[in-house]
J.: 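Just passing along the structure, written as structure tokens.
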2 protein chains.
Amino acid sequence: MGTTPANEWTEHALRTLADAGYRSSEPRQTVIETMAGQGCSVTAREIADVVRDEGSHIGLASIYRTLDLLDRTGLAQRFEVGEGSARYEPAYPTGEHHHHIVCDSCGDVVPFEDEALEQAIERLAGRVDFAVNAHDVTLHGECPACSAPPRR
Amino acid sequence: MGTTPANEWTEHALRTLADAGYRSSEPRQTVIETMAGQGCSVTAREIADVVRDEGSHIGLASIYRTLDLLDRTGLAQRFEVGEGSARYEPAYPTGEHHHHIVCDSCGDVVPFEDEALEQAIERLAGRVDFAVNAHDVTLHGECPACSAPPRR
DNA sequence: GTGAATGCAAACTCTTTGCATGACT
DNA sequence: AGTCATGCAAAGAGTTTGCATTCAC
């Protein structure tokens, strides 16, 4: 396996933080690697659980502090899908990104991309009097499994 | 002043709840009227504050219960813009709705509508394998006041 | 060595829940 | 009268913060 987007983001994030004068501690590296390792978005607790399952341990507070740092430096994007806890995911320097569909029955979150949607938002952003620098789109509904007829 | 959309929603909501067998209590009516009275979206605490300023009082728990009821019955829509607390706003039976731009500096929330955006989402919804029945779009940025050069 | 980052625990905020009281139908 | 809804207070969940210790530079 060669260079994946996740690997690239990990390195980009570590380098960016180092360049900005932040120290490279093991907890920070682990949080970043764990985020990259998850397919899509993660919550603070999910990171803690994954790390614990790998035999290590990072205090929840440190995870929150790292996530906050990543968000503030633009290395990650924070968003919520309405289930109480914040989700974070890597933000690629290319601006490339996706959005999410949430199953309101089982809580499943799956990503999607849509160029037409991005264009509509871009045009809109140019028309409003806010300086728009990010956007969230979340679709709500039921996943195929949940909208299937009840099992018996 | 005649019939406004807000008035209509208030009546629609009260009637719908009554028809569904829910009791018409004063707290519920007040919450609904207060929601209608606010321009856009509200938080539970905002409702409590407005009600208190008008000389009445409703327990926070009842406000939350009413908001939850409105959300479950489709009379209101719940969403979050990332400032910790949930916001609710009237959902019109016509399906007419808007989205929000949030100023990440001062927390100001302003509504917008965009037909092209709605169309893009509608087309997208038809293409995914989820049964999509709602969507949130939130733009983040800085409002004109906050992006202005710092005052001196 | 010095200042920044961690970990723990306490504090906070938002929201939900249990239970007795009061109100709508 | 019989329920359903309210209000209060306590409980929960997620997140932030204070502070002593540890670690990176």
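In what follows, chains are A, B, ... by sequence order, proteins preceding strands, each numbered from 1.
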J.: Would you give the length of the straight line joining atom CG of A:Asp104 to atom CG of B:Asn133, rounded to the nearest 0.5 angstrom?
T.: 6.5 Å
J.: Given the side-chain rings of A:His99 and A:Phe79, with only the six-membered ring counted for Trp, is the space between their centroids under 6.0 Å?
T.: no
J.: D:dC23 C1' sits how many Å from A:Arg28 CZ, rounded?
T.: 12 Å
J.: For A:Arg78 and B:Glu26, find the nucleotide of DNA chain D closest to each by heavy atoms; which residue's nucleotide sits nearer the 5' end?
T.: B:Glu26
J.: Measure CZ/A:Arg65 against P/D:dG14 and give the value in whole Å, please.
T.: 19 Å
J.: Rounded to whole angstroms, how far apart are CD on A:Glu83 and C1' on C:dT15?
T.: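 The distance from CD of A:Glu83 to C1' of C:dT15 comes to 14 Å, rounded to the nearest Å.
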J.: Consider the side chain of A:Tyr64, meaning its heavy atoms from C-beta on, and name the nucleotide among C:dG7, C:dC14, D:dT16 that approaches it most closely.
T.: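 That would be D:dT16.
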J.: Between C:dC8, D:dC8, D:dG7, which one does the side chain of A:Ala61 approach most closely?
T.: C:dC8
J.: Take atom CZ of A:Arg72 and atom P of C:dA5, then tell me their distance rounded to the nearest Å.
T.: 10 Å
J.: Consider the side chain of B:Ser62, meaning its heavy atoms from C-beta on, and name the nucleotide among C:dT25, D:dG7, C:dC8 that approaches it most closely.
T.: D:dG7
J.: For the side chain of A:Arg23 and the base of C:dG3, is some donor closer than 3.5 Å to an acceptor across the two?
T.: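 Present.
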J.: Hey, is B:Arg127 close enough to A:Asp114 for a salt bridge, meaning N to O under 4.0 Å?
T.: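 Between A:Asp114 and B:Arg127 there is a salt bridge, with a charged N closer than 4.0 Å to a carboxylate O.
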J.: Between A:Leu69 (CG) and C:dT6 (C1'), how many Å, whole number?
T.: 14 Å
J.: Looking only at the side chain of A:Ser85 (C-beta and beyond, no hydrogens), which of the listed nucleotides D:dG14, C:dG7, C:dT15 gets closest?
T.: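 Closest nucleotide among those given: D:dG14.
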J.: Can you measure B:Leu60 atom CG to C:dC14 atom C1' for me and round it to whole angstrom units?
T.: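 It is 9 Å, rounded to the nearest whole Å.
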J.: Shared ILVMFWY cluster between B:Val42 and B:Val102, side chains joined below 4.5 angstrom?
T.: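 No, B:Val42 and B:Val102 fall in different hydrophobic clusters.
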J.: How about A:His135 and A:His97: are their ring centroids closer than 6.0 Å?
T.: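 Yes; A:His97 has its ring centre under 6.0 Å from that of A:His135.
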J.: Of all the choices, D:dT6, C:dC14, C:dT6, which nucleotide is nearest to the side chain of B:Ser25 once you look at every atom?
T.: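 Between D:dT6, C:dC14, C:dT6, the one nearest the side chain of B:Ser25 would be D:dT6.
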J.: Can you tell me the distance, in whole Å, between the CG atom of A:Leu17 and the C1' atom of C:dA5?
T.: 13 Å
J.: Please work out if B:Thr43 contacts a base, only the sugar-phosphate, or nothing of the nucleic acid, heavy-atom cut-off 4.0 Å.
T.: nothing
J.: Would you kindly give the CZ-to-P distance between B:Arg87 and C:dT15, to the nearest whole Å?
T.: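 Roughly 11 Å, once rounded to whole Å.
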